[in-house]
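Let me begin by presenting the structure, written as structure tokens, before commenting on it.
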There are 2 protein chains.
Amino acid sequence: MTRKAGGVGTATRSYHHGYLKAALIAAAGEMLERDGPEAISFRAVARAAGVSQTAPYNHFRGKEDLLATLAEAGFRELEASQLATMGATVPGLERVIRLGLDYVRFASTRPQSYRLMFGVGVSDWRGHQDVAEAKNASFRPIKDALAEYLSSDMTPEAVEIAAIAAWAQVHGLSMLLMDGSLGAARRGHDGGEALVRQVLTQFAAGLVPGAKWPT
Amino acid sequence: MTRKAGGVGTATRSYHHGYLKAALIAAAGEMLERDGPEAISFRAVARAAGVSQTAPYNHFRGKEDLLATLAEAGFRELEASQLATMGATVPGLERVIRLGLDYVRFASTRPQSYRLMFGVGVSDWRGHQDVAEAKNASFRPIKDALAEYLSSDMTPEAVEIAAIAAWAQVHGLSMLLMDGSLGAARRGHDGGEALVRQVLTQFAAGLVPGAKWPT
DNA sequence: TGGTCAAGTTAGCAGCGTCAACATCTGGTG
DNA sequence: CACCAGATGTTGACGCTGCTAACTTGACCA
């Protein structure tokens, strides 16, 4: 399997690279988080990997394919983060809020990844089934947590609406925090954590109006 | 003032164009709505206006400046639409909901404009004061309507939070509808209007929990 | 009438994504 | 072991991009 003596790090750079695809993804990932999706250049990624400008075409159909790979990885990381929060909580409203907090924290921690995932650089992922699936998977935890909390009081359709509203709420808040729409002050020293919690608390108040809400 | 006899439409095309700036904005606006922000090329805009590729530099500092002009115009149109809705409603919760409906409808009707306004093509508008101001202005109606509805029950800080939550809700919903995250079915024959109303109704339920909500 | 300056022009640079044609290495088969 | 096929790399080139520099044109004012 390993094609060079000495292991990954010390692979003697000969004509064939050996781990180019992974190296390209890593280089592109660094460029993404440092300079944003619009600054990623296929040629620069090749350069960073120490390879000619057209070598990447052996591993990706083109630039968009590379970006799709990064976006999918981003959604998988978001999903993992959400699942970790699921594992660290018990069913109930607080779990839903914690998932929201975790979601916005992900976006705030990896803003450029998040922007790429949601259509900056590539208009949408309708043409990339893998990305669309990863996106849906990252949305599942919030959906499930909400369904568990609400299903005894609501129809499945109403639960679905609530889940969409939740996603829109955290997604919109993430975007507004990132693009400066709310002013730098809003992100404050805690990264806007207090603001996020307040918004999520209000959101929670809209679920099952009148019922379940501690008076 | 007018520099050619015969009026705007019949300006004889001589060395000096006369209305280049407006023509460039119009051409760029068409390209924007047809192909999206990432497809706008400064040279193509010049070509569409029938002028050399560098002529636009006499009217815009560069491509980003042109895009900023389009974004600002977009925010001004959004503001006008919101103000029209304000004028067509009376104070109260229904006004807030109508503003939200109008907001999402704007985004759905002019998706490419909306994407440009919120950071696709240019990462953010922090460096363009005019755009930032227009953005804030477009946010004012929702903020004001909410303040009028809530100020008797809430502190100004809480009202501010509610306004941010409202903006995040409609913004997030607009984005998810546009980029296909919710699936084409969600936009249905009514452009997702029913979905939007349900989400907004739930949002409204979260305002002033327990109070004001019709049981 | 003449000069000034805004608003056009052409020429050229470096960088981009992509394709075609060619070179090199590697693993599998006779 | 020799050799060949295919995967993986290379160079070269095309047309496009945003942008700068240097030049030309022409409208307006003293």
Side-chain angles (χ1 to χ4, degrees), chain A residues 1-6 8 11-28 31-32 35-70 116 120-123 127-128, chain B residues 1-8 11-25 27-28 31-32 35-70 116 120-123 127-128:
Chain A
M1 294 308 166
T2 53
R3 40 198 7 190
K4 305 282 184 190
V8 174
T12 58
R13 284 299 320 297
S14 64
Y15 201 89
H16 283 81
H17 183 289
Y19 304 92
L20 222 208
K21 183 161 188 174
L24 291 168
I25 293 175
M31 286 184 54
L32 170 62
D35 307 317
E38 48 272 279
I40 293 185
S41 128
F42 214 46
R43 293 168 93 116
V45 170
R47 239 176 277 133
V51 101
S52 80
Q53 43 188 354
T54 55
Y57 283 94
N58 286 308
H59 302 277
F60 299 96
R61 271 187 279 160
K63 182 184 179 178
E64 185 168 316
D65 194 26
L66 171 58
L67 294 182
T69 302
L70 292 181
L116 172 64
V120 175
V122 175
S123 65
H128 295 259
Chain B
M1 294 307 163
T2 53
R3 39 195 10 184
K4 305 279 188 193
V8 175
T12 59
R13 282 299 319 298
S14 63
Y15 200 90
H16 283 81
H17 185 287
Y19 304 93
L20 221 207
K21 183 161 188 174
L24 291 168
I25 294 174
M31 284 184 55
L32 171 62
D35 306 318
E38 48 271 279
I40 294 184
S41 129
F42 212 45
R43 292 167 95 116
V45 170
R47 240 176 277 133
V51 100
S52 81
Q53 38 189 327
T54 56
Y57 285 94
N58 285 305
H59 302 278
F60 300 95
R61 271 188 282 162
K63 182 184 179 179
E64 185 169 315
D65 194 27
L66 171 59
L67 294 181
T69 301
L70 293 180
L116 172 64
V120 176
V122 175
S123 65
H128 295 259

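Each chain gets a letter, A, B and so on, in the order its sequence line appears, and its residues count up from 1.
- The interatomic distance linking I40(A) (CD1) with dG15(C) (C1') rounds to 16 Å, in whole Å.
- Between L24(A) atom CG and dG17(C) atom C1' there is a gap of 15 Å when expressed in whole angstrom units.
- The distance from atom OH of Y19(A) to atom P of dT8(D) is 13 Å, rounded to the nearest whole Å.
- The listed nucleotides are dG18(D), dT18(C), dG9(D); the one nearest the side chain of Y57(B) is dG18(D).
- With a 4.5 Å cut-off on side-chain heavy atoms, L24(A) and Y19(A) do not count as touching.
- Among the atoms of the strands shown, none is found under 4.0 Å from any heavy atom of R61(B).
- Listed nucleotides dT18(C), dG8(C), dT10(D) differ in distance to A55(B); the shortest reach to its side chain belongs to dG8(C).
- Straight-line distance from the CZ atom of F60(A) to the P atom of dC19(C): 16 Å, rounded to whole Å.
- A donor-acceptor contact under 3.5 angstrom links the side-chain atoms of T54(A) to the base of dT11(D).
- The shortest distance between the side-chain N/O atoms of H59(A) and the OP1/OP2 oxygens of dG9(D) is below 4.0 Å.
- The two residues D65(B) and F60(B) come nearest to each other via the heavy atoms OD2-CA, 3.5 Å.
- What separates CG of L66(B) from C1' of dT17(D) is a distance of 15 Å, to the nearest Å.
- Mapping E64(A) and N58(B) onto DNA chain C by nearest heavy atom places N58(B) at the nucleotide closer to the 5' end.
- Side chains of P37(A) and L32(A) form a contact here, defined as non-hydrogen atoms less than 4.5 Å apart.
- Put simply, CG on L67(B) is 14 Å from P on dT17(D), counting in whole angstrom units.
- The side chain of Q53(A) sits closest to dG12(D) out of dG12(D), dC16(C), dT17(D).
- Between Q53(B) and F42(B), the closest side-chain pair of non-hydrogen atoms is not below 4.5 Å.
- Whole-Å rounding puts the K63(A) NZ to dC19(C) C1' distance at 17 Å.
- You'll find the side chain of I40(A) stays beyond 4.5 Å of the side chain of D35(A), heavy atoms only.
- One interatomic measurement links the two molecules: CZ of R43(A) to P of dG12(D), which rounds to 13 Å at whole-angstrom precision.
- Residue contacts for S52(B): at a heavy-atom cut-off of 4.0 Å it reaches a base atom on one of the strands shown.
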